[in-house]
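Shown next, in structure tokens, is the structure this report addresses.
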Amino acid sequence: MALSDLDLSCRIGALTLQNPVLTASGTFGYGREFESFVNLHRLGAVVVKGISLAPRRGNPPPRVVETACGMLNAIGLENVGVERFLAEKMDYLRGMRATVIVNILGDSVEEYAELAGLLDGVAGIAAIEVNISCPNVKKGGVAFGTDPKMAAAVTKAVKGATKLPVIIKLSPNVTDIALMAKAVEAAGADAVSLINTLLGMAIDIRSRRPRLANVVGGLSGPAIKPVALRMVWQVARAVQIPVIGIGGIATAEDALEFLIAGASAIEVGTANFINPRACEDILNGIGAYLEANKMTSVRELVGSLAV
Amino acid sequence: MALSDLDLSCRIGALTLQNPVLTASGTFGYGREFESFVNLHRLGAVVVKGISLAPRRGNPPPRVVETACGMLNAIGLENVGVERFLAEKMDYLRGMRATVIVNILGDSVEEYAELAGLLDGVAGIAAIEVNISCPNVKKGGVAFGTDPKMAAAVTKAVKGATKLPVIIKLSPNVTDIALMAKAVEAAGADAVSLINTLLGMAIDIRSRRPRLANVVGGLSGPAIKPVALRMVWQVARAVQIPVIGIGGIATAEDALEFLIAGASAIEVGTANFINPRACEDILNGIGAYLEANKMTSVRELVGSLAV
Amino acid sequence: MAPMQLKAEILRRETLAPDLIRLTFLAPDLAAAARPGQFLMLRAGAVRDPLLRRPLSIHQITTSGWVQVLFKVVGQGTRLLAALAPGQTLDVVGPLGNHFALKSGGNLCLIGGGMGIAPLYFLARELQRRNPPERVVPLLGARTAKELRPLADDFVALGLEPRLATDDGTLGHHGLVIDHLSELLVSGKPWHIYTCGPYPMMRAVVKLCREQGWHCQVSLETMMACGISACLGCAIPAAQLDGPYKHVCKDGPVFGAEEVAWL
Amino acid sequence: MAPMQLKAEILRRETLAPDLIRLTFLAPDLAAAARPGQFLMLRAGAVRDPLLRRPLSIHQITTSGWVQVLFKVVGQGTRLLAALAPGQTLDVVGPLGNHFALKSGGNLCLIGGGMGIAPLYFLARELQRRNPPERVVPLLGARTAKELRPLADDFVALGLEPRLATDDGTLGHHGLVIDHLSELLVSGKPWHIYTCGPYPMMRAVVKLCREQGWHCQVSLETMMACGISACLGCAIPAAQLDGPYKHVCKDGPVFGAEEVAWL
Ligand SMILES: Cc1cc2nc3c(=O)[nH]c(=O)nc-3n(C[C@H](O)[C@H](O)[C@H](O)COP(=O)(O)OP(=O)(O)OC[C@H]3O[C@@H](n4cnc5c(N)ncnc54)[C@H](O)[C@@H]3O)c2cc1C
Ligand SMILES: Cc1cc2nc3c(=O)[nH]c(=O)nc-3n(C[C@H](O)[C@H](O)[C@H](O)COP(=O)(O)OP(=O)(O)OC[C@H]3O[C@@H](n4cnc5c(N)ncnc54)[C@H](O)[C@@H]3O)c2cc1C
Ligand SMILES: Cc1cc2nc3c(=O)[nH]c(=O)nc-3n(C[C@H](O)[C@H](O)[C@H](O)COP(=O)(O)O)c2cc1C
Ligand SMILES: Cc1cc2nc3c(=O)[nH]c(=O)nc-3n(C[C@H](O)[C@H](O)[C@H](O)COP(=O)(O)O)c2cc1C
Ligand code: FES
Ligand code: FES
């Protein structure tokens, strides 16, 4: 059976993706950075670096530090802003026939809504992924993603501003992630994706200073996979909407664990840095597994965990 | 300067420990298991495997699985129960002149209090560490450690039942660990220790079954160190009581990061499995660092992070 | 004998078959203390991934203080161990666990499958010292001749006459090692069985022993985080299913077949 | 030239000094595309710890498709790279980043400190092709003779006359490589400077260049997670401090000294 005979497609709200392998925001630039490594049109979708209303210069360096089987980043959401994104980045992605999901971030509910409105109806944009791990500036800097009410408010506002499918990207830095997922589902989210990075820190014992200028940063990579997988499993059992699994996925085996746990699709993050071809390798590996297990559709696998 | 000239002592409530290197509960048995590797009397304290009122047989196997730079365990708090612990394990520890901290766990506030009462006044027991990452059976199985009110209730009950210093061991599976720390501080805790394991999961893609019979388990080891360090830093800034840092500490460098972040002492967990001599190696390394940096007391280091 | 933690110098690395490695290292105190059936927790170096030590049985010791392990390369941990060259150091904790009870007298049969043969060689040598060679009968099985021959040769060199079986028929009986058990049955004698190998093989052996009333010592494997009885990760169900679990690293790895559950 | 991802065969591993390694590997397409100043992101194998690739400058290429990197073993990543033996494969992404602008004519001076010398050799060769050798002046410094001599010899073999300096005085001037700059000053000529090395050294060079009005190209290092402009981790402050950051893997590693902040 050739890969093309397999049904790898998955649905995220009204959107059908050709396969479940997506790129994680912030680890794949605006797509073009990977043009010599990956066939962008083969991917389920390219989720681009988080976009804000105004351009952001991000945090001062150092911004990244390696940890055991992982890395911390405090990029600080550096991005070109929505205007330049639409003017400079979308043409290329359209030309490559990539399915584009735009990851957005804001300081207030209103900013999220405004951004969603600006993206609505733009040719080539298939969906919006909402990063709610950002501080709510109006609410004393508590992250939207740690409070079910604020998360629901963002979801409602974004849904009200766009006809595009809306994916809410959940923060893992919470007591009960299933509760968060249910809150955004009730508020109209078409899907949830998780996890964003775990908040972490590293110290240089020589200088006795934080290794990141921002002091704390987001932990990603294989180190966090067990936590991510547990959360995906918990959320998949709690909501009816599709779940996109993220966190430490570096191989097809990793991706398969998330699908079996209940994820309809997955996003590959940090692994892109180490193996720029990771997304295609993972896609091929999922196909091979389905064949070896005599499955014809990836949906047979989704949530197939026998507990 | 010889190691003996350094002041490595640290205070945990009314208790003064000779040095800040402790063993983490559940990773050092009842001490005797390490007799041929470590001089127990040289350690800051031996924190023994969690003890419950009645013996517990724990979870069915498989109970452990390796992950990237970490491991998941679902031992299920197997232990001999308080009666056998006192009858069979304490004599040896007293004989070794070890400073013993007993880690306790329970299904209800009352159980915690009863246990604390049974340990009160037992010769050789220096303090009680309360594992609140256990499900509150009376409250639908929500972990004590995820709710500030329940955590405070346990703290109060234990404090009321014993004159020993009480260390509350915090769960990292919460939105705001500083809030938890403040809640138990207000309830009378003499110190907090953190972190317990992060909840995680792993799946065998061949059988499509969880790798742990218990489905989910606790993630420990170097993988979690960045998260643990961040939480210790947050808690140390939020409370006045001493903080004991735990999570992924395998070397003196790791331990120093926690001390610099604000921990008065540290506990070594999973590293004991890999290097049974880890505690003494770490103790020696801390001494060497203090000397190299011309410090005479470990307290000069605690909380010395320049942010 | 209390376990020790030591750095041992690798003296020799032999590739007996593809992915079948025998490492010889110098550890006189360990060699002096080790008993057949015990195991070691090994680490090739200070890597954090894989994180844990790897349990390997003691395959052989010499009076000159050499210790051998014999293992299959199955994943990253054994791959790193297999990459150690003479002169490099191996990080060892051991000897760990209990050991086979050494019988003097009677009819003794050692049944090993695959890497389960590794501890049986040490056992065979100790039994052979205490018993006439014809009373010590090794039944050895593996997937294919390549794997089995080097192991079988060692038993022959001891003066024993191993009966062999391979899954693919390339050496000895074409089939399972336990098919040889019928020979023991035919003999009509009571046997004392020692066995180590794949779980289904051992279960079949244990079933027969129970039927025949033969005594049987089994060496079990399980996932281990520490090997030194600190993590409680190595639990297995005891014969009395609702009783406390047995712990392979402390109560085992050798058990009387009747002590543990056969599921 | 778009970067590629490839597995290259190691042809040679040389230990030039303790912990100073030169790896030669076969990568014809890469060799054809590479320009002086560019770098590679390397990985010794599929280990997860350390997680990230390691950036190393391209030290030399040959027309027969050989590529060389020269590096100091400072931690686990470089240790794993240093352990690669001929015949094994190296996992390469590159060529990455921009490159030095190659001047024809004028007085060219290459100032390298420590491992900063690595990319300057490739640069020196390309400059030497375009300029009379006496117009290409390398100033090379390192901690000690053991480290510096093998590198210096290569420059001599190119027909250049490097001025040397070591921290311990065991080769060349006893002191800093920048002390040689006074010779350039004395010459009274305007110089075009290329520099790569420790930050304090480059800052001193840049200060002098600014005073003298000399043009200066610097090659910078920073922590890099990807090297391919995907993570935005390699930010450094631009000359205009409140403007957008520069990204070393994309806007660099070579910068005009005036483009970036010197803090
Ligand atoms: C007491 C004991 C004695 C053993 N003696 C030998 C021996 O003499 N020769 C030999 O070849 N093998 C022996 N084993 C098995 C050996 O420990 C495993 O093959 C090895 O740990 C695999 O490590 P890895 O990293 O190469 O493979 P991994 O990538 O970790 O896993 C490969 C496979 O090995 C299994 N495995 C992994 N770790 C362990 C572990 N800690 N304990 C048990 N199984 C594991 C996994 O379930 C998996 O199926 C013994 C095991 C035990 C418990
Ligand atoms: C563009 C560029 C070109 C380079 N070219 C060379 C070269 O030709 N020869 C050479 O010897 N070195 C070069 N380096 C430095 C080299 O990348 C580091 O020495 C190496 O990554 C250290 O890895 P490690 O695992 O051995 O050490 P680690 O244990 O990771 O760290 C040891 C030290 O190296 C620093 N370091 C670690 N990772 C990086 C990284 N990704 N980028 C920068 N610094 C890091 C750390 O801050 C630490 O102080 C270059 C760096 C860059 C950015
Ligand atoms: C360098 C870096 C930048 C990131 N930027 C973003 C971002 O802009 N928006 C976002 O929602 N997530 C961002 N993330 C989080 C990832 O999309 C992903 O959720 C996380 O890294 C976990 O997946 P991984 O372990 O596969 O990397 C970023 C992660 C990294 C490592
Ligand atoms: C096998 C195992 C058993 C544990 N048992 C207990 C326990 O009984 N009580 C407790 O409070 N913590 C227990 N812990 C948690 C550790 O004490 C420690 O908080 C955690 O492992 C993080 O530290 P580490 O990364 O250094 O291991 C256990 C951890 C492991 C790995
Ligand atoms: S392996 Fe840890 S207790 Fe047996
Ligand atoms: S290193 Fe990732 S963007 Fe430069």
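What you see is a predicted model, and the numbers here were worked out from it, not measured in a lab. Note on naming: letters A, B, ... go to the chains in the order of the sequence lines (proteins, then strands), and numbering restarts at 1 for each one. Side chains included, hydrogens not; waters and symmetry mates left out as well; all remaining heavy atoms used.
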If you compare all heavy atoms of A:Ala68 against all heavy atoms of B:Pro222, which two are closest, and at what distance to 0.1 Å?
CB-CB, 3.5 Å
Segment of A:Leu301 engaging chain B (4.5 angstrom heavy-atom cut-off)
side chain
Using heavy-atom distances under 4.5 Å, tell me whether B:Leu259 contacts chain A through its side chain, its backbone, both, or neither.
neither
In terms of heavy-atom proximity below 4.5 Å to chain B, should A:Val174 be classed as side chain, backbone, both, or neither?
both
Shortest non-hydrogen contact from A:Leu219 to B:Ala223?
CD2-O, 3.9 Å
Tell me, side chain or backbone of B:Leu72 under 4.5 Å from chain A's heavy atoms, or both, or neither?
side chain
Which heavy atom of A:Ala202 sits nearest to which heavy atom of B:Leu229, and what is that distance?
CA-CD2, 3.7 Å
What are the two closest heavy atoms between A:Leu305 and B:Pro210, and how far apart are they?
CD1-N, 3.7 Å
Donor-acceptor pairs under 3.5 Å, chain A versus chain B:
residue: A:Thr175; atom: N; partner: B:Thr175; partner atom: OG1; Å: 2.9
residue: A:Thr175; atom: OG1; partner: B:Thr175; partner atom: N; Å: 2.9
residue: A:Thr175; atom: OG1; partner: B:Thr175; partner atom: OG1; Å: 3.2
residue: A:Leu199; atom: O; partner: B:Arg230; partner atom: NE; Å: 2.9
residue: A:Leu199; atom: O; partner: B:Arg230; partner atom: NH2; Å: 3.1
residue: A:Met201; atom: N; partner: B:Pro226; partner atom: O; Å: 3.0
residue: A:Ile203; atom: N; partner: B:Glu257; partner atom: OE1; Å: 2.7
residue: A:Ile205; atom: O; partner: B:Tyr289; partner atom: OH; Å: 2.5
residue: A:Arg208; atom: O; partner: B:Ala306; partner atom: N; Å: 2.9
residue: A:Arg208; atom: NH1; partner: B:Tyr289; partner atom: OH; Å: 2.7
residue: A:Pro226; atom: O; partner: B:Met201; partner atom: N; Å: 3.0
residue: A:Arg230; atom: NE; partner: B:Leu199; partner atom: O; Å: 2.9
residue: A:Arg230; atom: NH2; partner: B:Leu199; partner atom: O; Å: 3.1
residue: A:Glu257; atom: OE1; partner: B:Ile203; partner atom: N; Å: 2.7
residue: A:Tyr289; atom: OH; partner: B:Ile205; partner atom: O; Å: 2.4
residue: A:Tyr289; atom: OH; partner: B:Arg208; partner atom: NH1; Å: 2.7
residue: A:Ala306; atom: N; partner: B:Arg208; partner atom: O; Å: 2.9

In terms of heavy-atom proximity below 4.5 Å to chain A, should B:Val216 be classed as side chain, backbone, both, or neither?
side chain
For chain A, which of B:Val232, B:Val65, B:Leu199, B:Val215 has the most heavy-atom pairs under 4.5 Å?
B:Leu199
State the CD1-CD1 distance between B:Ile260 and A:Ile203, to the nearest 0.5 angstrom.
6.0 Å
Can you say whether B:Val227 sits under 4.5 Å from chain A via the side chain, the backbone, both, or neither, judging by heavy atoms?
both
